[in-house]
Amino acid sequence: MSSHRYQPSSLEPKWQEYWLKNKTFRTPDPGQDDFDQSKPKYYVLDMFPYPSGAGLHVGHPEGYTATDILARYKRMKGFNVMHPMGWDAFGLPAEQYAVQTGTHPSITTRTNIDNFRRQIQSLGFSYDWDREISTTHPAYVRWTQWIFSLLYETWFDEAEGKGRPISELPVPEELKGAQRVAYINSKRLAYIDEMAVWWCSALGTVLANEEVIDGKSERGNHPCMRLPLRQWMLRITAYASRLGRDLDEVDWPEETKKQQREWIGESQGAEIDFQVDGSSDKIRVFTTRPDTLYGATFMVLAPEHGLVTKLTTPEHAEAVHDYVLKTASKSELERSANKEKTGQALGSFAINPVNGQKIPIWISDYVLATYGTGAIMSVPGHDERDGEFARQFGLPIVEVVKAPEGFEGDCFTGEGIAINSPLFDGQATPEAKKTIIAHLEKEGKGKGKTQYRLRDWIFSRQRYWGEPFPIIHRQDGTSELVADSQLPVELPDLEDFRPSGNPEPLLAKAREWVNTKDSAGKDALRETNTMPNWAGSCWYYLRFIDPRNDQQPWDREREKYWMPVDLYVGGREHAVLHLLYARFWHKVLFDRGYVSTPEPFRKLFHQGMILGMAYEDQEKKLVPSDQVSEVDGTFMAHGQPVKQVVAKMSKSLKNVVNPDDILREFGADSLRMYEMFMGPLDITKPWNTKDVGGVYRFLQRVWRLLVDEESGALKPAGLADAPELERALHRCIKKVGDDIERMAFNTAISAMMIFLNEASANNAPLLSQSQRERLVLILSPFAPHLCEELWERLGHKKTLAYHSFPSYSEDMLVDDVIEVPVQVNGKLRARLQVSPEIDKDELEKMARQAVAEWLDGKETKKVVVIPKRMVNLVV
RNA sequence: GCGGGAGUGGCGGAAUGGUAGACGCACGGGACUUAAAAUCCCGGGAUCGCAAGAUCGUGCGGGUUCGAGUCCCGCCUUCCGUACCA
């Protein structure tokens, strides 16, 4: 056995230590001595991880390797590269672990971070570790609270369409004292409101709308219910329009932009007031089809609507009460699963503002309390749901839009010509909308309105392991911010983290902490809610720019230089949550002059999910991998054959791949290479450990090409660049560079394998010193440990990380002889070896000769000759 | 229901409208070895044929084109997202 084989286990730690010790990847900032202003900047960011107890899984290194290749490549291309890593470490798992074991979340968090850092460093990523941050660190929490304070001190000026300091808010003069305070509070971007929110008793907290799916918590899948509670809210709706519009300006996947647009859910329409018959009450509705107002034959309120009790007549009271109770007890899932319409008449009537008709008022759970005004005008002739409801309960249907010829179906929901609408009969839908809106505005009965699906962000949680609010409640019922100089408000120590089962925040138990003084020195109480764990990730990309600044969240000059993030890589699961919240905070910071760009992330890329192998028995049930064995090429479990399929990695299927194991067997460079070689970065793909051997062998062959395995000495180099290899190398350099730029890492690796195959073929000439060096350089972003080692052995004293990426010349890309296919009637019949400079007529002549037997005696109708590509003869 | 991807060998995948299956895995054969591992070489889309070769072939059916995996129309399957948003 040769003693100088490629040994990642000894070579990789050596270089990881070297990089850390020499701070190879420290990034100088503007204003520092070693900062080079002449270079362009490149900020490449990973979505930072939540450091879970389970450690890294193979999905993490996928995105991290991609960004690392880009970071290393851009450094070699002469960019100042910002490439940081940190920890999104607040959140429920650490707290749930504390409930089970009594270990304080801060201890769990520290252990997990240490483990994550160790694992990430063992993969050789070129992060600037001097910029490491954790959202849980007091020096970070301080500025998260500072941004909250900024939100609290900002109001949204509709006229200017931007956030402004609360001190500039025009307050009506007649408002004094408590009224004045209440008015100001009602305009803040951070405000307290009582509203129906999702409460999850298993998690012991309320959740944001975005965190609840089908009535179950996104995390843990626990049932949630709606309760009216007093909560901190962030006025993200004020930015709805800009959050939608500015998506046009960023280079993001269309799917993601679309998801955000749909989440924001902008729709144009009108608000219309319906007078209640015999009462001064009005019911306000939102509709996107005000042109169908003549067809509104009844109204439907959400069961939770505030006027329900008041508008119920005594003879309907019992039935209405029953219906409201029934709705409240139904889970969201039951509500949406059952598409059959249910409802209950209230017994009272409203007046259709355009024709004075008396129309009945109903309640039904198909009208959502949380959208629009929680009430609708029902137009059963032109809305599917209203139509179903009307047929169910025998309510009148009036046609007010002419359906096109040949339209079949009960309900025409498209645009058409207005009929049975005296004010605008004959008008097309868009025109009719304008007419009716103008009419309603003149009468004071309605107005044009843009409605958003987006709700304000419920920002408080009742948990422990999150940022406390920098808020103090005074005795008189008013509140004040904790002074910036007093930040951060740190979490009190707590021993018992069990949820109380009621919506009382956990921090309320910390009596000594809660009791405090206000700025006037009077007894006061701290806010006991904590922030959701999105808070820390809303601005971490800004803190990376200036992570140790204790005077301000970041230096403005540095921010101007580094922002925006040039490339942001992370999973699709954050398409609406994190990415929308972060954009919102960024826009507020922009309006208030703290950042220089309206959008934080210029280009966004989602890596695909990595799935595991799984086995399916004949009943199509998945069998855990440890019960499966391979016998003569077929997979067997419990004596039955099973089929190999792909499925999500999960503990229960026993198919989770641990990067540590792969690393031990093949090394970090192979793991990196394999993750990139699996396929395109953005697609879902199955992990197959056997395939890692392929890239491992490739790296071994690179090693053997340069190093004598017997002696460990560098093999002799060729004296000059062998021309055929030189051409192949130029082609490879071009392909690798182009493919890195377009993030097609799999084909870049394939190109290097092709070059290696040529360079190590039996009759291949020796690589020259220059050729070896260039090979090492282009491979180095992918397999940095191996390449640093080879670089050193090639005689270099300094890291290759800042050496310029090899260049290629165009005329080296062309071969002396190329193969040109000849087709007859589109079918391949011959191949010609010709010079690329051959002229068209000559090529045609050669082609005719080559396929003479196919042309025999036939007349050529058409000849297509594409120089350097192909010849097609049509007979 | 709606929206968005994707369907190419045994598997992962590659192909600016121009030689389909690069590269890798697995598999088969061979070399080296006492043997194995490791390494190296050769071969693999299907069908027919001893072979040269021929025919078919990128989910299915049409179309555009000298030429379609790629573009257009209509389906099927599958994955992901979303769910009464007025």
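Quantities reported herein were computed from a predicted structural model and do not represent experimental measurements. Residue numbers begin at 1 in each chain, while the letters A, B, ... track the order of the sequences.
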*Counting just side-chain N and O atoms, does A/Asn688 come under 4.0 Å of either OP1 or OP2 of B/rG13?*
no
*Is there a donor N/O on one and an acceptor N/O on the other, under 3.5 Å, for the side chain of A/Asn872 and the base of B/rC66?*
yes
*Measure the distance from CD1 on A/Ile754 to C1' on B/rC23 and round it to the nearest whole Å.*
6 Å
*Could you tell me the separation between the CH2 atom of A/Trp703 and the P atom of B/rA38, rounded to a whole number of Å?*
20 Å
*asked:* Please determine whether a side-chain nitrogen or oxygen atom of A/Ser267 lies at a distance below 4.0 Å from atom OP1 or OP2 of B/rA86.
replied: yes
*Is the phosphate of B/rA14, meaning OP1 or OP2, less than 4.0 Å from a side-chain N or O of A/Asn746?*
yes
_Less than 6.0 angstrom separating the ring centers of A/Phe393 and A/Trp362, yes or no?_
yes
*For residues A/Glu384 and A/Cys411, report the shortest heavy-atom separation together with the two atoms involved.*
N-SG, 3.6 Å
*Toss me the dot-bracket line for RNA chain B: Watson-Crick and G-U wobble, both under 3.5 Å, 5' to 3', using | for pairs to another strand and [ ] for crossers.*
(((((((..(((.....[....))).(((((.......))))).((((....))))..(((((..]....))))))))))))....
*Measure from CZ on A/Phe698 to P on B/rU39 and round the result to the nearest Å.*
15 Å
*How long is the gap from CG on A/Asn825 to NZ on A/Lys827, to the nearest 0.5 Å?*
9.0 Å
*Within the pair A/Arg701 and B/rA38, is there a side-chain N or O less than 4.0 Å away from OP1 or OP2?*
no
_By nearest atom, which of the nucleotides B/rA86, B/rG18, B/rU39 is closest to the A/Ile866 side chain?_
B/rG18
*Closest-nucleotide 5' rank along RNA chain B - winner of A/Val695 and A/Lys258*: A/Lys258
_Can you see if the side chain of A/Arg829 gets near the phosphate of B/rG53 - specifically, an N or O under 4.0 Å from OP1 or OP2?_
no
*Tell me which nucleotide among B/rG24, B/rA86, B/rG12 gets nearest to the side chain of A/Asn757.*
B/rG24
*asked:* Classify A/Arg704 by what it touches in the nucleic acid, base, sugar-phosphate, or nothing, heavy-atom distance under 4.0 Å.
replied: sugar-phosphate
_Which nucleotide in B/rG81, B/rA86, B/rU19 has an atom nearest any side-chain atom of A/Glu819_ = B/rU19
*May I have the distance from A/Arg453 (atom CZ) to B/rA86 (atom P), rounded to whole angstrom?*
10 Å
*Expressed in angstrom and rounded to an integer, what is the separation of A/Glu573 atom CD from B/rC80 atom C1'?*
12 Å
_Check the phosphate of B/rC66 against A/Gln823, side-chain N and O only, distance under 4.0 Å to OP1 or OP2. Yes or no?_
no
*Among B/rA86, B/rC84, B/rG4, the nucleotide that comes nearest once only the side chain of A/Asp383 is considered*: B/rA86
*Checking all strands, does A/Asp386 fall into the base, sugar-phosphate, or nothing category for heavy-atom contacts under 4.0 angstrom?*
nothing
*Between A/Gln700 (CD) and B/rC25 (P), how many Å, whole number?*
12 Å
*Please determine, for the side chain of A/Arg697, which listed nucleotide (B/rU39, B/rG4, B/rA86) has the closest atom?*
B/rU39
_Nearest-nucleotide comparison on RNA chain B, the residue closer to the 5′ end among A/Lys862 and A/Phe677_ = A/Phe677
*Contact class for A/Met753 (heavy atom, under 4.0 Å): base, sugar-phosphate, or nothing?*
sugar-phosphate
*Answer yes or no: is there a donor N or O on one side and an acceptor on the other, between the side chain of A/Asn655 and the main chain of A/Met613, under 3.5 Å?*
yes
_Partner set under ring pair (Phe, Tyr, Trp, His ring centres under 6.0 Å) for A/Phe782, not counting sequence neighbours_ = none
_Rounding to an integer number of angstrom, what distance separates B/rC2 and B/rC75 when you compare their P atoms?_
11 Å
*A/Glu388 CD to B/rG1 C1': how many Å, rounded?*
11 Å
*Which class fits the ring pair A/Phe666 and A/Tyr696: parallel under 30°, tilted 30 to 60°, perpendicular over 60°?*
perpendicular
*Classify the side chain of A/Lys341 and the base of B/rC84 as holding, or not holding, a donor-acceptor pair under 3.5 Å.*
yes
*Could you measure between the two P atoms, the one in B/rG45 and the one in B/rA37, and give it in whole Å?*
26 Å
_Please determine whether a side-chain nitrogen or oxygen atom of A/Lys827 lies at a distance below 4.0 Å from atom OP1 or OP2 of B/rG57._
no
*Between B/rG24, B/rU16, B/rA14, which nucleotide gets closest to the side-chain atoms of A/Arg869?*
B/rU16
*asked:* Please pick, from B/rG12, B/rG3, B/rG13, the nucleotide with the shortest atom-to-atom distance to any side-chain atom of A/Pro680.
replied: B/rG13
*Does A/Asp273 come within less than 4.0 Å of A/Arg284, counting only side-chain N to carboxylate O?*
yes
*Measure from CG on A/Asp739 to P on B/rU16 and round the result to the nearest Å.*
11 Å
*Is A/Lys715 atom NZ crowded by more than 12 heavy atoms from other residues, nucleotides or ligands, each under 6.0 Å away?*
yes
*A/Leu828 has a side chain; which of B/rA86, B/rA20, B/rA26 sits nearest to it?*
B/rA20
_Quiz item: cation-pi between A/Arg5 and A/Trp703, 6.0 Å / 45°_ = no
